[in-house]
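Quick note on labels: first sequence line is chain A, next is B, and so on, each numbered from 1.
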Amino acid sequence: MNCELYDDLLDDYVDGMRASGHPGDARFAAFELHLAGCTRCQALVADLKVQTDAMAKVMASDLPAFNKEAMRLGLTQIK
Amino acid sequence: MRTADLELAARCRAGDAGAFEELYRQHARRLFSLVVRMIGSVDDAEDLLQEVFLQAHRKLSGFRGDSALGTWLYRLTMNHCLDHLRARQVRMNRATESLDEEGAEEPTAPAPVVPAAVSRLDLERAIEMLPDGARAAFLLHDVEGFEHREIAQILGISEGTSKSQVHKARMKLRRILSR
């Protein structure tokens, strides 16, 4: 299926999907034709979309607890 | 933006404690999250972030405004994290994980293999298993939202290397999450 020809487009394609719902750039046209008939690339795109969506939603909104005392200590040291 | 950064840096250099506090409040929270995810320990992250800001205070005289002050701070932070990880690796004399091997095979299963709902804990555990360089680029891109051009500045690598590190990290995460 020549999947390796499109490896360098994969991340941009997934990021485009994340940003706008669908990448309109013409350079994706060949990849989209390939994608329509390639279950391996369909699975990769689906998995990467799950991962990147999870990163954006879970990781960005669920930050580790920040110790304000440590912050005050840091400022004291610098002053 | 750059003018504001230069002004803030100048105030810090002049010994304006309020200016440095402003810098700290603007960036410490996000940098702390990044450090925790880079090194995997809240306690170590607190110590490391203090070191980063102490070093920033010393090095602000060298800030020329070529990049945003935030980008400059991210670069200091990531350098500190990578130094910390290298030192820890030397101390532990740990064998490189098999996951670090270049060219490891991607899953060949045609159906999607990553569970549709991925928990924060699963993601954090998976991120901890990434090689340091790939984890750094991945966190900056997929969690912090930096462009590859900015990541190249922060990590001192080319844009192409940033892209390939993020790709490598995503493929490894896929393998880990599908287990």
Side-chain angles (χ1 to χ4, degrees), chain A residues 1-20 23 25 27 31 34-79, chain B residues 12 15 17 20-21 24-25 28-30 32-37 42-43 45-47 49-54 56-58 106-124 126-127 138-139 141-145 148 160 163-164 166-167 170-171 173-174 177-178:
Chain A
M1 291 294 288
N2 293 329
C3 300
E4 66 278 3
L5 294 177
Y6 304 103
D7 276 352
D8 65 322
L9 284 182
L10 195 61
D11 291 283
D12 285 343
Y13 185 82
V14 171
D15 290 340
M17 284 172 71
R18 186 176 52 171
S20 62
D25 194 314
R27 76 193 188 97
F31 178 57
H34 167 83
L35 192 61
C38 177
T39 53
R40 177 229 182 233
C41 287
Q42 287 168 11
L44 263 176
V45 166
D47 282 347
L48 292 184
K49 189 166 173 5
V50 167
Q51 284 179 202
T52 52
D53 284 351
M55 285 297 158
K57 287 175 190 163
V58 180
M59 302 296 275
S61 63
D62 196 358
L63 301 174
F66 185 51
N67 186 337
K68 289 194 173 68
E69 192 57 38
M71 177 169 165
R72 266 200 297 278
L73 176 63
L75 289 173
T76 304
Q77 286 177 11
I78 289 162
K79 287 173 186 172
Chain B
C12 290
F20 201 80
E21 187 166 337
Y24 200 107
R25 289 189 190 286
R29 183 73 182 85
R30 278 211 86 74
F32 178 71
S33 301
L34 178 66
V35 173
V36 170
R37 286 165 178 157
V42 170
D43 289 342
E46 286 171 355
D47 292 343
L49 193 62
Q50 300 302 337
E51 290 167 16
V52 165
F53 273 92
L54 287 168
H57 192 254
R58 286 194 299 270
E106 292 169 12
T108 53
V113 290
V114 174
V118 186
S119 73
R120 179 183 60 81
L121 202 59
D122 288 339
L123 289 173
E124 289 187 342
I127 289 169
F138 174 79
L139 285 172
H141 188 270
D142 277 23
V143 178
E144 299 297 324
H148 289 294
K163 277 191 167 188
S164 70
V166 170
H167 178 73
R170 287 176 170 181
M171 292 298 121
L173 280 181
R174 182 180 186 237
L177 292 171
S178 63

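- Looking at heavy atoms from C-beta onward, B/Arg170 lies in side-chain contact with A/Thr52 at the 4.5 angstrom threshold.
- Contact of B/Leu173 with chain A is made through backbone and side chain together, with heavy-atom distances under 4.5 Å.
- With B/His167 as the partner, the side-chain contact (heavy atoms from CB on, under 4.5 Å) test is satisfied by one option alone out of A/Leu10, A/Asp12, A/Asp8: A/Leu10.
- Looking at B/Ile127, the atoms closer than 4.5 Å to chain A (heavy atoms on both sides) all sit in the side chain, from C-beta outward.
- In this structure the side chain of A/Gln51 never reaches within 4.5 angstrom of the side chain of B/Asp142, judged on heavy atoms.
- A distance of 4.0 Å separates CG in A/Leu44 from CZ in B/Arg174, rounded to the nearest 0.5 Å.
- Using a 4.0 Å cut-off between charged side-chain N and carboxylate O, B/Lys163 and A/Asp11 make no salt bridge.
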